[in-house]
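Because only heavy atoms are used, hydrogens play no part in the values below, and waters and symmetry mates are left out as well, while side chains stay in. In this chain, residues are counted from 1 in sequence order.
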Amino acid sequence: MRTCGVEITGSDVLLCILTKDNDVFDIRDIRQTRFTLGNGNDTEVMRKFQFDFAKLMQDYQIDSVAIRQRAPKGKFAGSANGFKMETAIQLIKELDVHLFTVTEIKEQLKRNPIPIDFAETGLKKYQENAFVNAYVHLMKKTYRSEEL
């Protein structure tokens, strides 16, 4: 199972690829850990973002994408560009995209804590939430039968 964790902040999409095979996790190196969207009101810019993201996922043979859902209003509301990027990712036909609420992520981490300290992963600090999203998705897929 190869999952790409995605964290959307402002005009940036931060990525982390996590693979799980026989209960062994592997953090994959990736040529691009961040996409920055310029003018989200320009159709060509959005198409290029969607194409580039889809190509990256295809090149690394990603099975699924895990995104932390942002609140539509309130103190921690997502930006308009953030929602546009999330939608562009969701509309890529070849991808299996999953959105997780903050509550779902906390519940899954309580049930299945991350077995390694983030500092030991070798990832950049800004990739931490993307890593957590990928981990939560893999755990949810692994233990889905128990939750039904």
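Two residues are said to be in side-chain contact when any heavy atoms from C-beta on lie closer than 4.5 Å; V102 and Q69 fail this criterion. In this structure, L15 and E7 have side chains that are not in contact, with every pair of non-hydrogen atoms separated by 4.5 Å or more. By the 4.5 Å heavy-atom criterion applied to side chains, N129 and L14 are not counted as neighbours. Residues N133 and V6 fail the side-chain proximity criterion, which asks for heavy atoms closer than 4.5 Å. The closest side-chain heavy-atom distance from V136 to L109 is below 4.5 Å. Side-chain contact between M1 and T142 is present, with heavy atoms from C-beta onward closer than 4.5 Å. Put simply, the side chain of T3 does not reach to within 4.5 Å of the side chain of I62, judged on heavy atoms. Within the 4.5 Å cutoff, no side-chain heavy atoms of T103 are placed close to those of I105.
If you take NZ on K140 and CG on N112, they are separated by 10.5 Å, rounding to the nearest 0.5 Å. F83 contributes atom CZ, which lies 10.5 Å from atom CD of Q90 (distance to the nearest 0.5 angstrom).
Taking the charged nitrogens against the carboxylate oxygens, K20 and D26 have no contact shorter than 4.0 Å, which rules out a salt bridge. D63 has no carboxylate O lying under 4.0 Å from a charged side-chain N of R2, or vice versa, which leaves the two without a salt bridge.
Between the side chain of D42 and the backbone N or O of E44 there is at least one donor-acceptor pair closer than 3.5 Å.
Note on residues 113-126: pairs passing salt bridge (Lys or Arg N to Asp or Glu O under 4.0 Å), not counting sequence neighbours, are K125-E128.
With hydrogens and angles left out, the side-chain atoms of Y126 and T33 include a donor and acceptor closer than 3.5 Å. The closest side-chain donor-acceptor pair between S11 and T36, if any, does not fall under 3.5 angstrom. Side-chain contact check for R111 and Q108: at least one donor-acceptor pair (N or O, by modelled atom type) lies under 3.5 Å. In this structure, a donor-acceptor pair under 3.5 Å is present between the side chains of H137 and S64. Side-chain polar atoms of N41 and K84 form a donor-acceptor pair below 3.5 angstrom.
The aromatic rings of F25 and Y135 are tilted relative to each other, their planes meeting at an angle between 30° and 60°. By the 30° and 60° cut-offs, the orientation of the rings of F100 relative to H98 is parallel.
Between G38 and N81, the shortest heavy-atom contact is O-ND2, 3.8 Å. Listed here is the closest heavy atom pair of M85 and D12: CE-N, 3.9 Å.
When hydrophobic clusters are built by joining Ile, Leu, Val, Met, Phe, Trp and Tyr residues whose side-chain heavy atoms come closer than 4.5 Å, directly or via intermediates, L138 is not grouped with M57. Note on V65 and I92: same hydrophobic cluster, where clusters join Ile, Leu, Val, Met, Phe, Trp and Tyr whose side-chain heavy atoms are under 4.5 Å apart, directly or indirectly. One hydrophobic cluster holds both I30 and I89 under the rule that ILVMFWY side chains link at heavy-atom gaps under 4.5 Å. Tracing side-chain contacts under 4.5 Å through hydrophobic residues (I, L, V, M, F, W, Y), one never reaches Y60 starting from L18; they form parts of separate clusters. F51 and L91 fall into different hydrophobic clusters, defined by Ile, Leu, Val, Met, Phe, Trp and Tyr side-chain heavy atoms under 4.5 Å apart, directly or through other members.
In this structure E107 satisfies the salt bridge (Lys or Arg N to Asp or Glu O under 4.0 Å) test with no other residue, sequence neighbours excluded.
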